[in-house]
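Here the structure comes first, spelled out in structure tokens, and everything after it is commentary.
If you're wondering where the values come from, they're calculated on a predicted model, not measured in any experiment.
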Amino acid sequence: MGVVTPPNDTPRSGTAAAGAAKSPKQDRSRATRQRLLEAAVACLAAHGWAGSTVSVVAERAGVSRGAAQHHFPTREDLFTGAVEYVAEERSAALRALPVQGRAEVVAALVDLYTGPLFRAALQLWVAASNEPQLRPRVTELEARVGRETHRIAVALLGADESGPGVRETVQGLLDMARGLGLANLLTDDTARRRKVVAQWAALVEGALD
């Protein structure tokens with residue numbers, strides 16, 4: 001006599017079963033990759049390029065070195081991925097800035113250049129100057145982020161770039177913000193920076209009006 005399969009115990013199709021098994025595995029893989037990228041950025045900001053090895057990043061991410069190398073076979077692969085991650089995070093932070101008064105926009109733009117994402121980006125710039133594998137990718141992404149930063153700043157400031165000197169005013173603001181970010185690397189520059197930002201906000205307001 002043959003075995004009768006009970007009605008409520010119908011076998012799932014091979015495709016459906018494989019899909020159900022694959023989804024949690026893919027989720028875990030994406031989560032591990034995300035932790036590694038976040039750890040790489042944090043390590044760059046805290047220890048610089050020289051101190052940010054794959055082992056250090058893997059330990060910070062809470063995964064094995066083997067798991068890290070599964071996602072990023074080489075150190076260059078890992079930090080090229082970190083370049084892209086930093087670029088996307090900086091762009092997302094820019095897009096998330098609320099529409100508000102020009103003085104608040106100026107202060108918010110400066111804050112983006114004094115936070116951990118800018119610090120990590122700076123470490124990538126330094127590394128790229130000495131690492132041929134990183135330089136083309138960092139240069140390409142920084143150009144993209146620079147264009148997007150300028151475009152978003154123009155929109156937030158309500159600037160009309162058809163006016164004489166307006167484009168240069170916005171770019172000068174971003175260059176100033178980058179310089180303040182560099183100054184903040186060695187010492188807490190908050191008090192001096194606050195006065196500079198207030199003066200620049202007044203200059204931008206006057207130039208754009």
Side-chain angles (χ1 to χ4, degrees), residues 37-38 40-49 79-130 134-209:
L37 290 173
E38 290 174 352
V41 172
C43 284
L44 280 171
H47 309 301
W49 173 256
F79 287 100
T80 295
V83 172
E84 296 172 344
Y85 177 73
V86 168
E88 289 302 322
E89 288 295 293
R90 288 169 68 199
S91 295
L94 280 167
R95 291 191 293 268
L97 288 178
V99 177
Q100 49 193 335
R102 283 174 177 162
E104 289 78 15
V105 170
V106 170
L109 288 169
V110 170
D111 285 345
L112 287 178
Y113 283 97
T114 54
L117 283 177
F118 176 74
R119 186 181 291 266
L122 182 61
Q123 295 293 345
L124 288 169
W125 298 349
V126 174
S129 69
N130 298 309
L134 287 177
R135 190 179 303 123
R137 183 62 61 86
V138 172
T139 302
E140 174 192 342
L141 287 172
E142 278 304 315
R144 191 186 78 196
V145 172
R147 288 192 298 270
E148 185 164 13
T149 302
H150 187 99
R151 180 182 60 78
I152 293 173
V154 167
L156 290 172
L157 291 166
D160 179 4
E161 288 198 299
S162 65
V166 171
R167 179 175 181 80
E168 290 75 15
T169 296
V170 175
Q171 192 56 55
L173 165 63
L174 297 176
D175 290 342
M176 180 275 299
R178 187 181 297 110
L180 289 176
L182 290 170
N184 197 56
L185 289 175
L186 297 178
T187 59
D188 183 357
D189 204 35
T190 304
R192 187 183 72 87
R193 185 169 68 246
R194 191 179 297 117
K195 295 177 182 177
V196 173
V197 170
Q199 180 62 25
W200 259 91
L203 292 171
V204 167
E205 188 73 54
L208 298 187
D209 280 344

Enumerate the residue pairs fulfilling salt bridge (charged side-chain N to carboxylate O under 4.0 Å, His left out) with a member in residues 171-182, sequence neighbours excluded, ordered by first and then second residue.
->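 Listed once each, the pairs are Asp175-Arg178.
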Taking only residues at least two apart or on different chains, which pairs with a member in residues 148-159 satisfy salt bridge (charged side-chain N to carboxylate O under 4.0 Å, His left out)?
->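 Every pair satisfying salt bridge (charged side-chain N to carboxylate O under 4.0 Å, His left out) with a residue in residues 148-159: Arg95-Glu148, Glu148-Arg151.
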May I have all residue pairs that pass side-chain hydrogen bond (donor to acceptor under 3.5 Å, both in side chains) and include part of residues 103-128, sequence neighbours excluded?
->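 Applying side-chain hydrogen bond (donor to acceptor under 3.5 Å, both in side chains) to every pair that reaches into residues 103-128, excluding sequence neighbours, yields Trp125-Glu142.
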Sort and list the pairs that fulfil side-chain hydrogen bond (donor to acceptor under 3.5 Å, both in side chains) and have at least one residue in residues 197-209, not counting sequence neighbours.
->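 Listed by first then second residue: Arg102-Glu205, Arg102-Asp209.
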Tell me the closest heavy-atom pair linking [X] and [Y], and the distance in Å.
X      : Y      : answer
Ala103 : Ala201 : CA-CB, 3.8 Å
Ala153 : Leu174 : CB-CD2, 4.3 Å
Ala159 : Val166 : CB-CG1, 3.8 Å
Leu182 : Phe118 : N-CE2, 4.0 Å

Could you give the side-chain donor-acceptor pairs of residues 190-197 under 3.5 Å, partners two or more places apart or in another chain?
unit_1	atom_1	unit_2	atom_2	d
Thr190	OG1	Asp188	OD1	2.4
Arg192	NE	Asp189	OD1	3.2
Arg192	NE	Asp189	OD2	3.4
Arg192	NH2	Asp189	OD2	2.8
Arg193	NH1	Asn184	OD1	3.1

In Å and rounded to the nearest 0.5 Å, what is the CG to CG distance from Leu203 to Leu208?
->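 So the CG of Leu203 and the CG of Leu208 are separated by 10.5 Å.
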Measure the CG-CG distance between Leu157 and Leu173 for me, rounded to the nearest 0.5 Å.
->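 These two atoms lie 6.5 Å from each other.
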Taking it one step at a time, do Val105 and Val204 satisfy side-chain contact (heavy atoms from CB on, under 4.5 Å)?
-> CA-CA 10 Å; Val105 170; Val204 167; over 6 Å; no
Listed partners of [X] passing side chain to side chain donor-acceptor pair (under 3.5 Å), at least two apart:
X      : result
Arg135 : none
His150 : Glu161, Arg167, Gln171
Ser162 : Asp160

With sequence neighbours left out, what residues match Ala42 under side chain to side chain contact (heavy atoms under 4.5 Å, CB included)?
->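 Per chain and number, Ala42 pairs via side chain to side chain contact (heavy atoms under 4.5 Å, CB included) with Arg60.
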Side chain to side chain contact (heavy atoms under 4.5 Å, CB included) partners for Ala207, two or more places apart |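 Only Thr169 meet the side chain to side chain contact (heavy atoms under 4.5 Å, CB included) criterion with Ala207.
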Quick one: ring-ring contact (aromatic ring centres under 6.0 Å, His included) partners of Trp49, sequence neighbours excluded?
->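 Testing Trp49 for ring-ring contact (aromatic ring centres under 6.0 Å, His included), a comparison that skips the adjacent residues, returns Phe79.
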With Glu84, which residues qualify under salt bridge (charged side-chain N to carboxylate O under 4.0 Å, His left out), at least two apart?
->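 By the salt bridge (charged side-chain N to carboxylate O under 4.0 Å, His left out) rule, Glu84 matches Arg137.
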